[in-house]
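Notes follow once the structure below has been shown.
Since this is a predicted model, take the numbers as computed values, not measurements. The sequence lines fix the lettering, A, B, ..., with proteins before strands; numbering per chain opens at 1.
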Protein chains: 2
Amino acid sequence: MGREAIDEQAVLQYLSMDFIIGYKLRRAQLAVFQDFIDTFAELKLRPAEFAVIANIAANPGQKQAAIAETLGIKPANLVALIDGLEGRGLAERRRGDADRRTHSLFLTETGERFVDEMYAVWRGHEQRLIERLGGEAERDRLIGLLDRLLEGAVVSG
Amino acid sequence: MGREAIDEQAVLQYLSMDFIIGYKLRRAQLAVFQDFIDTFAELKLRPAEFAVIANIAANPGQKQAAIAETLGIKPANLVALIDGLEGRGLAERRRGDADRRTHSLFLTETGERFVDEMYAVWRGHEQRLIERLGGEAERDRLIGLLDRLLEGAVVSG
DNA sequence: TATTGTTATACTCTATAACTATA
DNA sequence: TATAGTTATAGAGTATAACAATA
């Protein structure tokens, strides 16, 4: 009966959802993405597009498969994303010289200028989140905890 | 030029994606949900279904609108979810007595037994996450930080 | 008239299989 | 044969508008 009492308490605790890590994580992620989407509405940039542009800027010439791997998305789903960026004149595919099956990705000149603007907007968004968290030390602590969840995760594949 | 140098450094930092809160949050949430999905594959329970059942169990008789509000989903999208639970004999709708437009939700006896099993499975999942984080104190710290992100968020509507 | 739950529908994100062109 | 990128497609999740029953 002692055991039942403990279980009952635990059940009530989890049923409140307040201590469920995945639930809180999802709600927080949605709130942060909503802020991102609102913030970047003017630049018409979605989170995935931001991530792709940032990745090309950090490593110009990367192949599509490498970016998909880095961002954890399927190569097939990267195609429309890059089509969009290419259509807006921000990025371009260049056929591989050695291996003509591959596409290396680069920012255009327009894309380079866009990155500057994107960064300025992003800084406002990120600063707002840091303030909500209570400062950069808290931000670092959060990133550290999230990294632990990621490091411990079973890699699918 | 001093200013440019600073911006360039900041750009490189953010382009590495390592300090972007939303990005890390999304990756961690996906990793945690993947663990949840694998863990609950046997019970054939998705995160949203878990949340609905937990909510009914915590507050039997709640109306659909209230649950949708609590979980942050649209009433229209709750319909199929509850249809599924009702179809499996876990939950049931009861027409409101005072207001016959409303549906109050309850667990069936099967549902009550299912909750016990669900809790046992959930405890393994949550314990695994707590271990990844480094203990309950770290879990509490993470929840606290996520709450700050949620509290500071602009409520849509 | 307004509200609860429902239906229909569309849009995004994600996953898989089959295709092409190259290797 | 195998691989990089592509196409087509299907499944979740989520959003809105219109409807029926009821208030």
- Task: Round to a whole Å and report the spacing from CD1 of I37(A) to C1' of dA15(D).
- Result: 12 Å
- Message: Rounded to whole Å, please give me the gap between CZ in R95(A) and C1' in dT3(D).
- Response: 14 Å
- What is the nucleic acid contact for N77(B), judged by heavy atoms within less than 4.0 Å: base, sugar-phosphate only, or nothing? base
- Query: Between the main-chain N or O of I21(B) and the side-chain N or O of E126(A), is there a donor-acceptor pair closer than 3.5 Å?
  - Reply: yes
- Query: Does the side chain of R26(B) get closer than 4.0 angstrom to OP1 or OP2 of dC13(C) through an N or O atom?
  - Reply: no
- How many Å lie between NZ on K63(A) and C1' on dA23(C), as a whole number? 14 Å
- Item | First of A76(B) and S104(A) reached from the 5' end of DNA chain D, by closest nucleotide | S104(A)
- Task: State plainly whether one hydrophobic cluster holds both L43(A) and L90(A), where clusters connect Ile, Leu, Val, Met, Phe, Trp and Tyr through side-chain heavy atoms under 4.5 angstrom apart.
- Result: yes
- Message: Nearest whole Å is fine: how far is dA21(D) C1' from R93(B) CZ?
- Response: 15 Å
- Note on the structure: Comparing nearest nucleotides in DNA chain D, the 5'-proximal residue of the pair D83(A), L30(A) is D83(A)
- Message: Please pick, from dA15(C), dC13(C), dG5(C), the nucleotide with the shortest atom-to-atom distance to any side-chain atom of Q64(B).
- Response: dG5(C)
- Do side-chain atoms of R95(A) reach the backbone of R100(A) as a donor and acceptor pair under 3.5 angstrom? yes
- Reckon R101(B) has a side-chain N or O less than 4.0 Å from the OP1 or OP2 of dC19(D)? no
- Message: For L149(A), is there any backbone N or O sitting under 3.5 Å from a side-chain donor or acceptor partner on R132(B)?
- Response: yes
- Closest of dA15(C), dA23(D), dT6(C) to the D99(B) side chain is dA23(D)
- Separation of atom CD1 in I67(B) from atom P in dT6(C), rounded to whole Å: 12 Å
- Query: How many Å lie between CZ on R46(A) and P on dT14(D), as a whole number?
  - Reply: 17 Å
- Query: Atom NZ of K74(B) to atom P of dC11(C): distance rounded to whole Å?
  - Reply: 18 Å
- Message: Taking only side-chain N and O atoms of R100(B), does any of them lie within less than 4.0 angstrom of OP1 or OP2 on dA20(D)?
- Response: no
- Item | Residue closer to the 5' end of DNA chain C, D97(A) versus A65(B) (nearest nucleotide) | A65(B)
- Query: Contact class for A80(A) vs. all strands (heavy atom < 4.0 Å): base, sugar-phosphate, or nothing?
  - Reply: nothing
- Rounded distance in Å - CD (Q34(B)) to P (dT14(C)): 13 Å
- Message: Applying a 4.0 Å non-hydrogen cut-off, can you work out what A68(A) is touching in the nucleic acid: base, sugar-phosphate, or nothing?
- Response: nothing
- Query: Looking only at atom types and distance, does a side-chain atom of E138(A) sit under 3.5 Å from a main-chain N or O of L145(B), one as donor and one as acceptor?
  - Reply: no
